[in-house]
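Excluded from the calculations below are hydrogen atoms, water molecules and symmetry mates; all remaining heavy atoms, backbone and side chain alike, are included. Reminder, nothing fancy here: chain letters follow the sequence lines and each chain counts from 1.
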Number of protein chains: 2
Amino acid sequence: METTKCFYIGAMDRLVHPDLKDVSLAAALHALADPVRLDIVAKLVECPCLNASTACAQGTPKSTISNHLNVLRAAGLIETSVEGRERINRLRCTDFDARFPGLLATVLANKA
Amino acid sequence: METTKCFYIGAMDRLVHPDLKDVSLAAALHALADPVRLDIVAKLVECPCLNASTACAQGTPKSTISNHLNVLRAAGLIETSVEGRERINRLRCTDFDARFPGLLATVLANKA
DNA sequence: TTCCATAGTTCGGGAATGTTGAACTATCCT
DNA sequence: AGGATAGTTCAACATTCCCGAACTATGGAA
């Protein structure tokens, strides 16, 4: 067998967290421009640590949650760390606010 | 002929401008989450009146511009009025800011 | 008035994205 | 080991986006 099946490259152990300077404003807004992701972010303000199952309304498919968390992570909005068999997600408030001053606060303030 | 061919219903003469209370935060962010549309909005701050051709970088296809302006209009960000054979687009700053206080200003401030 | 140039919309099809069930990896607990 | 839990990846389908071509509409020139 000459090729190895490579599941989970850089995923299970090495989650990629971008440098905020590589995140464009459009990408940041895109990440926030979705009701499900807005809810996740708002929830993370209340409970600073959420795993995938608790991040979304129950009933949301696992793969969908995984996708949304990927988008948020790629936009520099959350960081994910592996904790046993779960992944803990936290907001990257400081980093994000340094790159886009006031943006997250304004969005959240407008998110009734 | 029993049916009339109805191009331009509510388009050429009756452009639809939504009530801002019917615009969701996600929709507003989605409208802003695109480099081309961000440029249009930023340009409208400088020159308060733009037609379709002057709104975008030259070379952008007409149908694409038309689409982007539709998205911005549907999000309550711009208003369009027919002026002779062109359509003049203006920002709905006041309306938008009443619905989403500070959002437009913060986004534009971050769009350096 | 007829013709032409300009301004922008609508349509259609291909490209790019988003969604989600199924299969999989990984870890913890008996 | 075996099972339960947590989440990722894949693949297929669905939705959205992009843009050329055809069209409507208006204004001005011949």
Chemist: Hey, does the side chain of B/N110 reach the backbone of A/P101 with a donor-acceptor pair shorter than 3.5 angstrom?
Modeler: yes

Chemist: Is there a path from B/I65 to B/V82 through hydrophobic residues (I, L, V, M, F, W, Y) whose side chains come within less than 4.5 Å of each other?
Modeler: no

Chemist: Between C/dT9 atom P and B/N70 atom CG, what is the distance in whole Å?
Modeler: 6 Å

Chemist: Near DNA chain D, under 4.0 Å by heavy atom, which residues of residues 61-69 of chain B?
Modeler: B/P61, B/S63, B/T64, B/N67, B/H68

Chemist: Which whole-number value in Å describes the distance from A/Q58 CD to D/dA6 C1'?
Modeler: 16 Å

Chemist: Name every residue in residues 27-52 of chain A that has at least one heavy atom under 4.0 Å from any atom of DNA chain C, in order of residue number, or write none if there are no such residues.
Modeler: A/H30

Chemist: Testing the 3.5 Å rule here: is there a donor-acceptor pair between the side chains of A/T64 and A/N67?
Modeler: no

Chemist: Rounding to a whole Å, what distance do you find between A/R85:CZ and C/dC28:P?
Modeler: 8 Å

Chemist: Are any side-chain N or O atoms of B/K43 and backbone N or O atoms of B/T54, one a donor and one an acceptor, separated by less than 3.5 Å?
Modeler: yes

Chemist: Looking only at side chains, do A/R90 and A/S81 share a donor and an acceptor under 3.5 Å apart?
Modeler: yes

Chemist: What residue pairs, at least two apart or across chains, pass side chain to side chain donor-acceptor pair (under 3.5 Å) with a residue in residues 22-38 of chain A?
Modeler: A/R37-A/H68

Chemist: Could you check whether A/R92 pairs with A/D97 (Lys NZ or Arg NE/NH1/NH2 to Asp/Glu carboxylate O, under 4.0 Å)?
Modeler: no

Chemist: Grab the CG-P distance between A/N89 and D/dA6 for me, whole Å please.
Modeler: 14 Å

Chemist: Starting at CZ of B/R87 and ending at P of C/dT6, how long is that distance when rounded to a whole Å?
Modeler: 16 Å

Chemist: Could you give the CD-to-P distance, from A/E86 to D/dT8, as a whole number of Å?
Modeler: 12 Å

Chemist: Output yes when a side-chain donor or acceptor of B/R73 lies under 3.5 Å from a complementary backbone atom of B/V16, and no otherwise.
Modeler: no

